[in-house]
Amino acid sequence: MLCEERLPNTELLILDEIHKMQGWQTFLKGIYDTKPDGLRILVTGSARMDILSHSGESLAGRCFRHRLLPVSLVEIKDSAYCGQLERLINRSGFPEPFTEGNDIDALRWRNQYIEGIIRYDILDFQRIFDFRAIQLMVELLRQRVGSPLSLASIARDVGTSPTTISKYLQLLEGLFLVFRVTPYSRDIARSLLKEPKVYFYDTGLVDGSLGARFENHIAVSLLKDVWGRNDYLGENSRLHYLRTKEGQETDFALIRDDRIEQIVKCKTTNDKLDKNLVYFSSKYSLKATQVVMNLRNDHVVNGIEIRSAERFLSELFL
């Protein structure tokens, strides 16, 4: 759990998986408040730390949070895996399935991963014994990636209440299995502040078409870019999507300082401009990008960039 490394003119204390120790917040606070000059502290841990940090001693003012998401195209562009976008989409950016030698071993890892979250991690925080309901909910979420999610509809299919489904969804978010992308409305008239879209951190869990997996991968990559800018640069950025009551929708909207910085639409092969992207771009004067999985040359049509997914993703912050 404890490891000390010496660097020029400083010392680095690494605390790994410290959240497994009872009273770890108090322990860490004591180390920080009594540390000698020149000592830096790096605390690492699983997704459980994010949940556990909401209880016990406050570490406000004593730490910076750095969230690590699956490997992105930016991080492998100078490695032996350079250019393997399809591998990232199908295997996900989790190191184990991504680097496995064959698809079967990647599938075996994924089955153990999801089983461990449902049967062990959830039980550590909630006295939930209806594993069947959670498993069924996860299976339904896998099939509805990229579509606005109705908790009432999920509840009917699972055979429980929307309140219970909401509780389960929050728990799955806290354990970094899924994340929500909600509609943004401040600058868009008649947009809806409900029905989020739910994506998986592990794109290999998506049970759908190539288009659904591709959109999920773009979602993870954009979220990583947003969180990276917030954690490392101190920006105020968020990831949303746009949707009107008439059903006009963009896949994603990058928000900075509560203003829309860019809207994004995903396509697997068709480089024809999406009509909804054109609508939002022209009506609200927004920077718009259509990201195409298979595209030979980037180009601009009516002020909207049509870009190769590989080139677009390679230019993100993280």
Side-chain angles (χ1 to χ4, degrees), residues 40 42-47 49-50 63-89 91-95 98-99 146 173 176 178-184 186-187 196-203 213-242 250-267 277 280-281 286-293 295 298 300 304-318:
R40 297 188 301 166
L42 176 64
V43 182
T44 66
S46 69
M49 285 194 71
D50 196 58
C63 64
F64 291 108
R65 177 173 63 170
H66 297 286
R67 292 164 286 190
L68 298 179
L69 291 188
V71 172
S72 66
L73 200 64
V74 175
E75 295 170 310
I76 65 170
K77 64 181 180 181
D78 296 322
S79 72
Y81 296 102
C82 178
Q84 298 196 29
L85 174 60
E86 189 171 343
R87 186 187 185 101
L88 271 176
I89 292 172
R91 295 274 194 95
S92 89
F94 280 80
F98 180 70
T99 58
E173 286 181 284
F176 283 69
V178 301
F179 61 94
R180 278 184 259 200
V181 176
T182 58
Y184 178 79
R186 174 168 176 171
D187 297 327
K197 296 192 291 186
V198 174
Y199 297 95
F200 286 83
Y201 290 98
D202 179 357
T203 56
R213 295 197 303 275
F214 177 56
E215 182 178 331
N216 195 112
H217 178 72
I218 296 294
V220 175
S221 299
L222 291 178
L223 183 67
K224 183 168 184 171
D225 178 79
V226 165
W227 281 3
R229 292 180 182 278
N230 291 344
D231 293 348
Y232 292 95
L233 302 180
E235 293 185 3
N236 178 24
S237 299
R238 304 194 309 275
L239 181 64
H240 291 279
Y241 77 99
L242 304 183
T250 69
D251 290 332
F252 305 106
L254 294 167
I255 312 300
R256 183 176 179 183
D257 295 329
D258 215 23
R259 298 293 181 187
I260 299 173
E261 192 172 58
Q262 184 179 10
I263 54 177
V264 176
K265 184 68 178 181
C266 306
K267 297 279 189 179
L277 197 64
F280 284 110
S281 175
L286 300 175
K287 178 182 178 182
T289 303
Q290 185 162 300
V291 180
V292 184
M293 181 176 173
L295 183 69
D298 294 355
V300 178
I304 297 176
E305 294 183 343
I306 300 178
R307 303 207 59 197
S308 154
E310 188 165 333
R311 286 185 285 273
F312 175 80
L313 294 172
S314 295
E315 296 173 4
L316 295 179
F317 179 69
L318 284 175

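Starting from 1, each residue takes its place in the sequence as its number.
Here the closest heavy-atom approach between residue Arg91 and residue Thr203 is recorded as C-OG1, 4.5 Å. Closest of all the heavy-atom pairs between Ile76 and Ser79 is O-OG, 2.8 Å. When all heavy atoms of Leu239 and Leu223 are compared, the closest pair comes out as CD2-N, 3.9 Å. Taking all atoms of both residues into account, the shortest heavy-atom contact from Thr250 to Tyr241 is O-CB, 3.5 Å. Scanning all heavy atoms of the two residues, the minimum distance from Lys267 to Phe214 falls at O-CE2, 3.2 Å. When all heavy atoms of Leu88 and Val71 are compared, the pair lying nearest together is CD2-O, 3.7 Å.
Proximity of Leu316 to Ser72: side-chain heavy atoms (C-beta onward) are nowhere separated by under 4.5 Å. Side-chain atoms of Asp298 and Ile306, non-hydrogen and from C-beta on, never get closer than 4.5 Å to each other. Looking at heavy atoms from C-beta onward, Leu318 lies in side-chain contact with Tyr232 at the 4.5 angstrom threshold.
Under the 3.5 Å distance criterion, the side-chain polar atoms of Ser314 are left unmatched by any main-chain donor or acceptor of Arg311. In terms of modelled atom types and a separation under 3.5 Å, the side chain of Arg229 and the main chain of Ser237 share no donor-acceptor contact. Remark: the backbone N or O of Ala288 is not paired with any side-chain donor or acceptor of Ser281 at under 3.5 angstrom. Panel note: side chain Tyr184, backbone Leu254; no donor-acceptor pair is recorded below 3.5 Å. Asn236 contributes no side-chain N or O that, together with a main-chain N or O of Arg256, makes up a donor-acceptor pair within less than 3.5 Å.
Taken to the nearest 0.5 Å, the OG atom of Ser92 stands 12.0 Å off from the CZ atom of Phe200. Note: Ile263 CD1 to Thr289 OG1 = 8.5 Å, rounded to the nearest 0.5 Å.
When ring centroids are compared, Tyr199 and Phe252 come within the 6.0 Å threshold. With ring centers used as reference points, Tyr201 lies under 6.0 Å from Phe179.
Within a 6.0 Å sphere centred on CD of Gln262, other residues, nucleotides and ligands contribute more than 12 heavy atoms.
Looking at Lys224 and Glu75, a side-chain N of the basic residue comes within less than 4.0 Å of a carboxylate O on the acidic one, giving a salt bridge. Residues Arg213 and Glu86 are not paired through a salt bridge, judged by the lack of any N-O separation under 4.0 Å between the basic side chain and the carboxylate.
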Please assess Lys287 against Glu261 for the test salt bridge (charged side-chain N to carboxylate O under 4.0 Å, His left out), listing each intermediate value before the final yes or no.
-> CA-CA 7 Å; Lys287 178 182 178 182; Glu261 192 172 58; over 6 Å; no

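Side-chain contact of His240 with Thr182: a donor-acceptor pair under 3.5 Å is present, judged by distance alone.
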